[in-house]
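Bear in mind the structure is a predicted one, so any value in this text is a computation, not a measurement.
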Amino acid sequence: MHPLFTHRLEVRFRDCDPLGHVNNAVYLTYLEQARFALWRTLWGFPEASRPGVIMARSEVDYKIPARYGDQLEIRLFLARIGRTSFTYSYEVVDDAGRIVAAATTVQVMYDYKTEKPVPISDEIRAKLEQQV
């Protein structure tokens, strides 16, 4: 299966803990960077006239450590689209092709004015399914 989107980044010194590998919490930032890069490409996110997107759930399985200077590719796959939410799965891969981490996130379309989830529009649904 081909990813919807890939995002490359270099591990920064500040991403690492005293043991010299990427701190576990930093992986959530890597996933966020990939999602936001995809959304900017698909629909110019963030755009004030559209509902927001909030994170409802995240799960990360750490396989091998990444270290300062490593080049990582975040591969993003669409796992599911529901009525108000959608799920992405990810592979964080190093330059040797090894899976560093695997992850899943659930996002919910959200109206900040009413503070409630809203249905995914047909327009956004179609864009979520586009491969970039």
Side-chain angles (χ1 to χ4, degrees):
M1 177 159 83
H2 293 294
L4 281 178
F5 187 73
T6 59
H7 180 74
R8 292 193 56 81
L9 55 84
E10 182 175 345
V11 173
R12 301 167 299 183
F13 178 77
R14 70 172 299 279
D15 297 343
C16 300
D17 62 21
L19 297 175
H21 56 24
V22 173
N23 180 277
N24 63 327
V26 173
Y27 285 92
L28 293 174
T29 300
Y30 292 169
L31 304 180
E32 179 181 64
Q33 286 179 281
R35 278 193 313 277
F36 279 32
L38 170 62
W39 295 346
R40 279 191 306 273
T41 301
L42 289 180
W43 72 75
F45 182 85
E47 187 178 298
S49 65
R50 298 205 175 159
V53 181
I54 61 171
M55 175 73 64
R57 184 173 196 284
S58 60
E59 181 178 317
V60 181
D61 294 320
Y62 306 98
K63 307 294 185 179
I64 60 173
R67 302 187 183 283
Y68 169 68
D70 285 355
Q71 300 292 319
L72 301 177
E73 182 175 88
I74 292 66
R75 299 174 181 167
L76 189 151
F77 303 84
L78 180 64
R80 178 185 171 280
I81 299 179
R83 190 178 73 78
T84 62
S85 67
F86 54 99
T87 303
Y88 287 136
S89 61
Y90 309 78
E91 293 175 343
V92 179
V93 180
D94 67 12
D95 273 346
R98 300 176 298 180
I99 296 178
V100 174
T104 304
T105 61
V106 177
Q107 295 70 222
V108 175
M109 298 304 290
Y110 192 78
D111 184 329
Y112 285 96
K113 289 179 184 175
T114 64
E115 298 182 342
K116 294 183 180 185
V118 294
I120 299 170
S121 70
D122 291 339
E123 175 192 6
I124 295 294
R125 185 177 299 276
K127 289 183 179 195
L128 286 170
E129 295 172 336
Q130 288 179 11
Q131 186 170 356
V132 179

Is there a path of hydrophobic side-chain contacts, each under 4.5 Å between heavy atoms of I, L, V, M, F, W or Y residues, that connects [X] with [Y]?
X	Y	answer
Met55	Leu31	no
Ile54	Val106	no
Val53	Leu28	yes
Phe86	Ile124	yes
Val22	Tyr68	no

Strictly distance-based, threshold 3.5 Å: is any side-chain N or O of [X] a donor or acceptor partner for the main-chain N or O of [Y]?
X	Y	result
Glu10	Gln71	no
Asn23	Ala25	yes
Tyr110	Glu115	yes

Is the shortest side-chain heavy-atom distance between [X] and [Y] below 4.5 Å?
X	Y	answer
Leu9	Ile74	yes
Asp111	Lys116	no
Tyr30	Val11	yes

Q: Any chance you could measure Thr6, atom OG1, to Glu73, atom CD, to the nearest 0.5 Å?
A: 4.5 Å
Q.
What verdict does the salt bridge (Lys or Arg N to Asp or Glu O under 4.0 Å) test give for Asp95 and Arg8, after you've listed the backbone C-alpha separation in whole Å, the side-chain angles of each residue and the deciding distance to 0.1 Å?
A. CA-CA 10 Å; Asp95 273 346; Arg8 292 193 56 81; 2.8 Å; yes
Q. Counting only heavy atoms not in Tyr112, do more than 12 sit closer than 6.0 Å to its OH atom?
A. yes
Q. Looking at the rings of Tyr27 and Tyr62, which for Trp means the six-membered one, are their centres under 6.0 Å apart?
A. yes
Does this structure show an ion pair linking [X] with [Y], if we count only N-O contacts that are shorter than 4.0 Å?
X	Y	answer
Glu129	Arg125	no
Arg57	Glu59	yes
Arg67	Asp94	no

Q. Which word best sums up how the rings of Tyr88 and Trp39 line up, parallel for under 30°, tilted for 30 to 60°, or perpendicular for over 60°?
A. tilted
Q: Mind telling me whether Phe5 and His7 have parallel, tilted or perpendicular rings, with 30° and 60° as the class edges?
A: parallel
Taking every non-hydrogen atom, the tightest pair across [X] and [Y]:
X	Y	value
Ile81	Ile120	CG2-CD1, 3.9 Å
Lys63	Ile99	CB-O, 3.2 Å
Val108	Ala56	CG2-CB, 3.7 Å

**Q.** Polar side chain donor-acceptor pair, Arg35 to Tyr90, under 3.5 angstrom
**A.** yes
